[in-house]
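Working notes, structure below.
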Amino acid sequence: MSESEFERKVFTERKKKIEQIVALGQRAYPNSFATTHTLAAIRSRYDNATAEDLETARTSVAVSGRLMAIRQQGKAGFAQLQQGGVKLQIYVRKDAVGDQGFELYKLLDIGDHIGVSGYLFRTRTGELTVHVETITFLSKAMLALPEKYHGLADVELRYRQRYVDLFMNTALNEGTPAEINVRDVFVKRAKVLAAMRHYFDQRGYIEVETPMMQPVAGGAAAKPFTTHHNALDLDLFLRIAPELYLKRLVVGGLDRVYEINRNFRNEGISTQHNPEFTMLEFYQAYANYHDLMDLTEELIKFVAMEVNGKLTTNFNDVEIDLGKWERLSMRDAIIKWWPDYFGASPTMEELSDEQKLATRLADAHEIARSQPNKSQEQLNTFGIFVPIEMDLRDRRKSLGHIIAELFELLAEEHLIQPTIIYDFPLAVSPLSKQKPDEPDWVERFEFYIGGFELGNAFSELNDPEEQRKRFEMQLAERERGDEEAHQMDEDYVRALSYGLPPTAGEGIGIDRLTMVLTGAKSIRDVILFPLLRPHKKTEAESAE
RNA sequence: GAGCCCGUAGCUCAGUAGGUAGAGCAACGCCCUUUUAAGGCGUGGGUCCUGGGUUCGAAUCCCAGCGGGCUCACCA
């Protein structure tokens, strides 16, 4: 820790204060303090009590908390205690706490933890306050707290010193903008997890934990982190998904399983991506993707009610109604969001035939190219569209890949209200079951809220021979340089060979769902300790 | 990975026609027995992110680096 002169000075002064506090008969770092109430309990129980109520039935309390404000007034003073995200004012006067007690009070700093006992009253201005009779010193803040009104605003410091962020940036600080009410966000995140567990537990799913360290990183298309086990001299991957293990469990007869845990993907960081993120995955035997569409809507509604008590949520200044869902096939979504700028929308038939789509994209390319005045947005779209069109024309990518790319380019950003996008190309879905009537398409859906993907689900491919073929197709793509193509997993094929019943499974990004439910604009605001590049150490510090 | 923006006291921020730095809070000392972003008087505190360059002179202009934010690309 590199300290400034200011911080060293404050630290030294406060060490002296601790000595003085000990000289007053207090312990420097006592082991405990018995309270009668939490601050939250006092607020909920006595917030409506009048001054007369409090006077006639005198309520003695012992409470503790961190001092967040001190307003000294000669031989008396007010201070504000904070505990559990709740604040309560205390009033200390010399004639009530005695000479020693008041000496102690004067040695307190903002940030210190104390315990007080006394009785409740209302001040002249009507604020519920503890009239203090004894003060017990509990712990000292050896560093100065951030500015009391604005809190800790520097985004980098908030992430690096989340411990400060958490006690400074609460809804109780008037200057704190609602979107960085940090404590509340993480309380809600915990409620999301609890609600999900409750939902699945009630429906006969069992919660399981599958390996985070895997010899083959499967179940998704992503670059993994690698690690090594010394005793076995074994290279391992941090998992990118639990999927293949969870389906092995369904083979084993655990018909309904879920897991809530971290996935690790060695890819870029953005407002929607952190290298480690939390995923719910669940599998249900004898269900298909239609069943999971219904379940998804029900689950998200349930979680929203548990967390927020309502189905609407404000995200990026848009009111989102989690009670109303739209369902669109991927091809319909492309047709719906096809921009006029590219001419008339393609037809379903054109989107299902490589040759016809190639012609259609070439036409669109020409129409867009010949338009004289392009907006920046159109230029951006065009800039992404052109390579897609060329990939199809030069047969570098299959129809399926092109469809998926077109969908992401044209439709994804529009999916603000809850939308289920179903029927994906087989080429981008190596673990999904084909549609009986359209073998190039699979029974898969993703759902979108706020313009990004929150979940991915499908009827699970359970034919071991077909699965082997799909893995081989993936290996071929890997050969062609796609580092994220799926690896072969022989044991998974073996597991399928013992018989996986018809099963559907789904993964839901917990961080992103929490963003939607709390209005957080960055995934880093819903992860307590998001990954940051460490500050480069100075030579002096490295030598320590 | 690319583009744009930011980095000044512990914190929140001012400070450019380039003249070697300010406020509020916090800290320290004093006054104040119903305040609440309490108030009053006084004091201390800064490698202006780092390293180069231009200049008589750089927080300010230029270059490189470090850290961060946003947008885009990849992905969930």
Side-chain angles (χ1 to χ4, degrees), chain A residues 3-14 16-17 51 68-80 87 89-96 102 109-111 121-127 129 131 141-161 164 168 173-175 220-223 240-241 263-275 277-279 281 376 379-381 383-384 387 404-405 408-409 412 446-448 452-456 482-484 507-513 521-524 532-538:
Chain A
E3 292 160 342
S4 63
E5 187 188 335
F6 173 84
E7 291 201 329
R8 279 195 301 272
K9 193 184 107 197
V10 169
F11 205 94
T12 307
E13 282 166 357
R14 296 198 179 178
K16 281 187 197 140
K17 285 185 180 178
M68 294 303 285
I70 296 175
R71 295 184 283 273
Q72 184 63 284
Q73 284 191 322
K75 296 184 180 61
F78 290 93
Q80 212 155 25
K87 282 185 175 163
Q89 181 169 265
I90 63 171
Y91 180 51
V92 180
R93 42 191 296 165
K94 193 171 182 181
D95 55 18
F102 205 70
D109 288 295
I110 292 177
F121 77 111
R122 281 196 186 275
T123 62
R124 190 177 286 165
T125 55
E127 180 159 351
T129 303
H131 200 291
M142 304 298 283
L143 293 168
L145 263 51
E147 207 250 359
K148 64 186 173 192
Y149 185 64
H150 297 93
L152 190 65
D154 184 294
V155 175
E156 182 178 357
L157 277 181
R158 288 186 43 228
Y159 297 150
R160 288 192 196 275
Q161 300 184 25
V164 177
M168 287 306 299
N173 276 351
E174 281 182 53
K223 294 189 203 85
I240 55 175
N263 288 346
F264 305 87
R265 299 189 184 175
N266 205 340
E267 289 170 355
I269 292 175
S270 79
T271 50
Q272 286 157 34
H273 300 86
N274 194 63
F277 64 102
T278 301
M279 182 101 131
E281 275 205 23
Q376 188 55 50
L379 282 172
N380 290 344
T381 305
I384 303 166
E405 288 184 21
E408 281 170 25
L409 169 65
E412 183 170 2
E446 291 183 343
F447 72 96
Y448 291 79
F452 54 75
E453 182 196 339
L454 265 82
N456 177 24
D482 181 359
E483 284 180 72
E484 295 179 359
I508 296 178
I510 300 296
D511 313 275
R512 288 181 176 185
L513 178 60
K521 290 184 174 64
S522 169
I523 198 168
R524 292 175 153 205
L532 294 177
R533 189 171 271 138
H535 273 146
K536 207 175 181 181
K537 283 184 185 173
T538 65

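Worth knowing before you read on, the calculation uses all heavy atoms, side chains too, and leaves out hydrogens, waters and symmetry mates. Convention: sequence-line order gives letters A, B, ...; per-chain numbering from 1.
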Checking all strands, does A/N263 fall into the base, sugar-phosphate, or nothing category for heavy-atom contacts under 4.0 angstrom? nothing

Taking only the side-chain nitrogens and oxygens of A/R158, find out if one of them lies under 4.0 Å from OP1 or OP2 of B/G69. no

Can you find a donor-acceptor N/O pair under 3.5 angstrom joining the side chain of A/Q89 to the base of B/U35? yes

Where each residue is assigned the nucleotide of RNA chain B containing its nearest heavy atom, which of A/Q72 and A/K9 is assigned the position nearer the 5′ end? A/Q72

Counting distance only, does the side-chain N/O of A/Q272 pair as donor-acceptor with the main-chain N or O of A/R512 below 3.5 Å? no

Using a heavy-atom cut-off of under 4.0 Å over every strand shown, decide if A/F102 touches base, sugar-phosphate, or nothing. nothing

Describe the nucleic acid contact of A/A241 in one word from base, sugar-phosphate, nothing, applying a heavy-atom distance below 4.0 Å. nothing

Mind calculating the distance between NE2 (A/H131) and C1' (B/U33) to the nearest angstrom? 9 Å

From CG of A/L145 across to P of B/A37 the rounded distance in Å is 18 Å

Is a side-chain donor or acceptor of A/R265 paired with a backbone partner of A/I240 at a separation under 3.5 angstrom? yes

Do any N or O atoms from the side chain of A/N456 and from the backbone of A/E446 form a donor-acceptor pair under 3.5 angstrom? no

Would you please classify the geometry between the A/Y91 ring and the A/F121 ring as parallel, tilted or perpendicular, with 30° and 60° separating the classes? tilted

Rounded C1' spacing from B/A17 to B/U12 in Å: 29 Å

Of the listed nucleotides B/U35, B/C11, B/A76, the one nearest the side chain of A/R71: B/U35

Phosphate OP1/OP2 of B/G10 contacted by A/S4 side-chain N/O (<4.0 Å): yes

Pairing check on B/A37: which nucleotide meets the Watson-Crick or G-U wobble criteria with it, both distances under 3.5 Å? none

pair_partner(B/A64), Watson-Crick or wobble, both distances < 3.5 Å, evaluates to B/U50

When the C1' atoms of B/G46 and B/A27 are considered, how many whole Å apart are they? 15 Å

For the pair made of CG in A/L152 and C1' in B/A26, what is the distance, rounded to whole Å? 14 Å

Interatomic distance, A/E156 CD vs B/C70 C1' [rounded to whole Å]: 15 Å

Taking OP1 and OP2 of B/A76, is either one under 4.0 Å from a side-chain nitrogen or oxygen of A/R512? no

Is the base of B/U33 touched by the side chain of A/R93 through a donor-acceptor pair closer than 3.5 angstrom? yes

For nucleotides B/C5 and B/C63, find the distance between their P atoms and express it as a whole number of Å. 11 Å

In Watson-Crick or G-U wobble terms, with both distances under 3.5 Å, the base opposite B/A59 is none

Once you apply the 3.5 Å cut-off to both distances, tell me the Watson-Crick or G-U wobble partner of B/G22, or none. B/C13

In whole Å, I'd like the distance from the CE atom of A/M68 to the C1' atom of B/A26. 12 Å

Does the A/Q161 side chain pair with the main chain of A/V164, one donor and one acceptor, at a distance under 3.5 Å? no

